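Data first, discussion second: the structure below is written as structure tokens.
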Amino acid sequence: MSEIRAVVFDIGGTLWFEARRPTLSEVFERQAALVEPLITDWGLQFGEPLNAVMADVWRAAEAAIDANDRRGDHREIDVPFIIRGAAGIRGVELTPDQAGAWHRTGWLRSIPHMGIQLYPDTLDVLATLRQRGLKLGVNTNRPCTGDMFRGDLDDAGIARFFDAIVCSGDTGFVKPHPSTFEMVLSQLGVAGDEAVMVGDTCLADMHGGKALGMRTVLKLNGRYDVPACPDADHRIHDLDELLALPLFAPPDGRRSPESLTPHDDGNEDRY
């Protein structure tokens, strides 16, 4: 069996969690505030509040996600295309470049806008894995590029740990489609059997990673009643448990010291 050289992480439910979900009206207002200067600079008029346009984009995106799920083709939604459609029905024509700029400018970063917090042992675990010489990567289903998402990770103080950041918007397909796994492995410079996939979903993370030959760790977060996942090589609840797995045992065989930040295996209520 090949030596482990890299660890790839999902994000939501793995490295961070949603502490407070903003209401949709808050989301639309925040996006409108970010995009408004861009629209003004372009000299465009929509004849109604911009948050109403944002609401239409959101509804169209959800409909596109549902349609893709029904087809089972694992395609990521094309947000700039949806933005052009929402503008077009109002008689405003956007170029593809303008729609792309709208999408990038209106991207709500997770920490300041979306109520996201790191799990209490995330920083310790990432730092320990890097100290052991492992390469680290992100593979997440998000309709943006890795370059766009780096700002979210910067806000959380964890971008510095990662050698590769890949989102489904980079390839146009969501996990478990192999494209994002192939991209992150390529950017890390490792083969599938030299990497571990850590995530909180059986199909997207475990099945997707196993198909590329990766070893897999399912993070349960206190969900003791989830069905068995045949593609998961290991199951953990807190991220710190990762360091005690045989995959990451220190060379001298001793268990890593406990995390300095609080965590608890009996964590159903915490999440």
Side-chain angles (χ1 to χ4, degrees), residues 10-12 22 24-69 71 73-114 116 137-156 159 162-175 177-184 186-187 204:
D10 173 54
I11 292 292
L24 287 181
S25 61
E26 288 174 324
V27 168
F28 304 149
E29 290 289 349
R30 292 170 187 178
Q31 287 184 315
L34 291 172
V35 174
E36 185 75 48
L38 199 63
I39 302 303
T40 301
D41 185 58
W42 291 336
L44 301 178
Q45 297 288 334
F46 282 89
E48 61 181 313
L50 194 57
N51 59 323
V53 184
M54 298 299 187
D56 274 1
V57 171
W58 184 281
R59 285 189 287 267
E62 287 191 321
I65 291 170
D66 289 342
N68 289 346
D69 286 344
R71 287 194 295 266
D73 59 6
H74 304 304
R75 289 190 180 276
E76 181 57 274
I77 59 173
D78 185 340
V79 178
F81 177 81
I82 293 171
I83 290 170
R84 292 186 74 194
I89 62 175
R90 292 169 167 82
V92 176
E93 184 175 349
L94 295 177
T95 68
D97 285 345
Q98 286 175 322
W102 178 319
H103 178 39
R104 291 189 299 274
T105 303
W107 179 258
L108 291 182
R109 284 161 60 158
S110 303
I111 299 296
H113 295 297
M114 302 304 287
I116 295 298
V138 165
N139 180 7
T140 181
N141 282 346
R142 293 173 192 272
C144 65
T145 64
D147 286 342
M148 287 172 62
F149 191 54
R150 179 171 289 277
D152 296 64
L153 302 181
D154 272 327
D155 292 337
F162 294 107
D163 304 287
I165 300 170
V166 173
C167 299
S168 48
D170 286 306
T171 69
F173 292 93
V174 299
K175 298 178 294 186
H177 192 274
S179 58
T180 55
F181 293 92
E182 291 168 344
M183 179 175 284
V184 73
S186 175
Q187 290 184 10

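From a predicted model like this one, the values you see are computed outputs, not experimental measurements. As a basis for the values below, the full set of heavy atoms in this structure was taken, side chains included, without hydrogen atoms, waters or symmetry mates.
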In Å and rounded to the nearest 0.5 Å, what is the [atom1] to [atom2] distance from [X] to [Y]?
X    : Y    : atom1 : atom2 : result
M183 : N139 : CE    : CG    : 10.0 Å
S179 : H74  : OG    : NE2   : 10.0 Å
R104 : T145 : CZ    : OG1   : 8.0 Å
H103 : Q31  : NE2   : CD    : 10.0 Å
R90  : E48  : CZ    : CD    : 4.0 Å
W102 : I39  : CH2   : CD1   : 4.0 Å

Within the side chain of [X], is there an N or O that forms a donor-acceptor pair under 3.5 Å with the backbone of [Y]?
X    : Y    : answer
T105 : A101 : yes
D170 : G146 : yes
N141 : K175 : yes
T140 : D10  : no

With under 30° as parallel and over 60° as perpendicular, where do the rings of H177 and F173 fit, or are they tilted in between?
parallel

Which heavy atom in [X] sits nearest to a heavy atom in [Y], and how many Å separate them?
X    : Y    : answer
A32  : N51  : CB-N, 3.8 Å
A86  : V53  : CB-CG1, 4.2 Å
R30  : P22  : NH1-CB, 3.7 Å
T95  : R84  : C-NE, 4.0 Å
Q98  : W42  : O-CH2, 3.1 Å
V184 : G137 : CG2-CA, 4.3 Å

Any side-chain heavy atom of R142 sitting closer than 4.5 Å to one from I11?
yes

Do the side chains of T171 and E182 get nearer than 4.5 Å, heavy atoms only?
no

Working for side-chain contact (heavy atoms from CB on, under 4.5 Å), residues N68 and D73
CA-CA 6 Å; N68 289 346; D73 59 6; 4.0 Å; yes

Give me the one residue out of D155, L108, D152 that meets side-chain contact (heavy atoms from CB on, under 4.5 Å) with H113.
L108

Could you check C144, P143, C167 and say which one makes a side-chain contact (heavy atoms from CB on, under 4.5 Å) with E76?
P143

Is it true that E62 and W58 share a donor-acceptor pair across their side chains at a distance under 3.5 Å?
yes

If you count heavy atoms of other groups shown closer than 6.0 angstrom to CZ of F81, is the number above 12?
no

Would you call R59 and D56 a salt bridge, using N to O less than 4.0 angstrom?
yes

